[in-house]
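Predicted, not measured: the structure shown is a model, and the values here were computed from it.
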Amino acid sequence: MAGHGTDGHPHGADRLCEAGDQVYSRAVRRGRVPRGDAEAVPCLLDLALLHPDPDDMGFLVPTAPQEVMTRLLREVYDEVSAGQRRLGAAVTAVERYAGLGEQRQPAAGEGTAIRVLDGLARIQAAMDEATQACTTEVLTVQPGGIRREHELSEGLHRALALRGRGVRMRDLYTHVARHGQGLLHYMELMGDAVEARTLDEVIDRLILFDRTVAFVPANAERTMALELRHPALVEYLVTVFERLWRLALPLTAPLPETGIDGISHRERSIAALLAEGHQDAVIAERLGISVRTCRAHIARLSETLGAASRTQLGVRIAQAGLDGPPRTPAPVRRPGRESPTAR
């Protein structure tokens with residue numbers, strides 16, 4: 001009968017099927033039952049409620065009900081004891097993990113070291129929170145050339161709140177931003193609360209509050225951002241900002257002359273990037289101008305330097321000393337009419 005199994009009778013001795021209960025009860029009343037009576041209920045043999053009669057193998061005799069009850073109670077006791085041990089182990093583990101959490105309780109205003117902000121709403125909410133907590137200083141890097149009115153208005157409420165609390169703000173832009181009226185109006189509105197400087201190129205957008213929390217883009221579309229609170233990361237970004245700030249020119253100061261007639265400061269920057277082998281689109285992105293504007297400047301460079309091709313332009317850029325840091329080259333003039341200077 002070992003091959004019968006209990007696939008059709010998935011139960012224990014504490015909850016016998018109806019057929020098994022009838023056969024077992026009959027065996028207890030009569031002392032034994034024919035083996036054929038148990039063929040339909042193999043569970044009785046599997047659960048050791050019936051076993052062969054040693055005097056006649058054609059019959060099955062029952063296990064005494066008292067023994068079955070004792071066995072059931074022992075199983076229940078063992079299950080309860082095992083459950084209590086598991087419960088005790090779980091409680092101990094919970095207490096241990098809770099203790100670890102208390103040891104690493106964030107300080108007031110501190111979040112995770114790096115937090116991903118997905119979506120403009122979450123970014124704005126995190127920025128508003130950082131603005132409210134800021135007490136001393138905000139450092140920002142704003143790439144992309146001329147700042148649009150809507151871009152400036154998006155953060156205007158935060159800037160005004162900071163100014164009201166006496167927070168100092170320093171902003172870095174590209175030189176191209178000087179030509180935007182929106183930025184000039186913004187600076188007039190903020191007064192002495194904001195100081196701005198410009199460079200030929202800046203890094204990607206960066207906002208630092210009180211040198212404790214920083215925000216940087218997490219994708220090209222700027223629909224995701226990283227909120228950084230790790231002290232080493234924030235300190236590194238502060239160092240980058242300070243070095244760029246020392247190299248930058250105040251917004252109110254004029255751009256330096258290139259020393260070459262007919263070549264503007266912007267065209268000198270384009271020439272240096274061309275000499276490095278960059279494509280037009282890359283140059284435009286780094287300087288915060290459109291590709292069309294970039295190509296117009298390259299055309300003026302070619303005209304001013306008398307170059308008929310890009311290859312020849314590269315040679316003339318090197319000859320004029322425009323392929324590196326400014327030095328004092330001899331004036332270069334195109335024969336005939338001077339090309340207008342584009343600022």
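- For the atom pair CG of D171 and CG of L139, the computed distance is 9.0 Å after rounding to the nearest 0.5 Å.
- A donor-acceptor pair is defined here as one N or O able to donate and one able to accept, closer than 3.5 Å; no such pair exists between the side chain of E67 and the backbone of T63.
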Exercise for review: Give the intermediate values and the outcome of side-chain contact (heavy atoms from CB on, under 4.5 Å) for residues L287 and T293.
Suggested key: CA-CA 11 Å; L287 297 182; T293 300; over 6 Å; no
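- A distance-only check finds a donor-acceptor pair linking the side chain of R316 to the backbone of G306 [under 3.5 Å].
- A distance-only check finds a donor-acceptor pair linking the side chain of D210 to the backbone of T135 [under 3.5 Å].
- In R26, the CZ atom is crowded: over 12 heavy atoms of neighbouring residues, nucleotides or ligands sit closer than 6.0 Å.
- At most 12 heavy atoms of other shown residues, nucleotides or ligands fall within 6.0 angstrom of atom CG in D192.
- Checked by atom type and distance alone, the side chain of D280 never pairs as donor or acceptor with a backbone atom of A284 at under 3.5 Å.
- From E285, atom CD reaches atom CD of E201 across 10.5 Å, with rounding to the nearest 0.5 Å.
- Remark: side-chain polar atoms of D21 are not paired, donor with acceptor, to backbone N or O of L16 under 3.5 angstrom.
- By the side chain to side chain donor-acceptor pair (under 3.5 Å) test, E242 pairs with R170, R211, sequence neighbours left out.
- For I283 against C294, the heavy-atom pair with the smallest separation is CG2-SG, 3.7 Å.
- Residue E137 places its CD atom among more than 12 non-hydrogen atoms of other residues, nucleotides or ligands, all under 6.0 Å distant.
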Exercise for review: Quick one: do R229 and I114 satisfy side-chain contact (heavy atoms from CB on, under 4.5 Å)? Show the steps, please.
Suggested key: CA-CA 6 Å; R229 293 182 179 270; I114 301 177; over 6 Å; no
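- Counting all heavy atoms, side chain and backbone alike, V141 lies closest to V202 at CG1-CB, 3.7 Å.
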Review point. Q142 and L172: side-chain contact (heavy atoms from CB on, under 4.5 Å), yes or no, with the steps?
Key: CA-CA 6 Å; Q142 302 288 1; L172 274 172; over 6 Å; no
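- In terms of modelled atom types and a separation under 3.5 Å, the side chain of R163 and the main chain of L189 share a donor-acceptor contact.
- Of all heavy-atom pairs spanning C134 and F209, the tightest one is CB-CD2, 3.9 Å.
- Counting only N and O atoms by type, the side chains of Q132 and R165 include no donor and acceptor under 3.5 Å apart.
- R178 and P250 make their closest contact through NH2-O, 2.9 Å (heavy atoms, listed as atom of the first residue, atom of the second, distance).
- For F241, the ring pair (Phe, Tyr, Trp, His ring centres under 6.0 Å) test picks out W245, with sequence neighbours left out.
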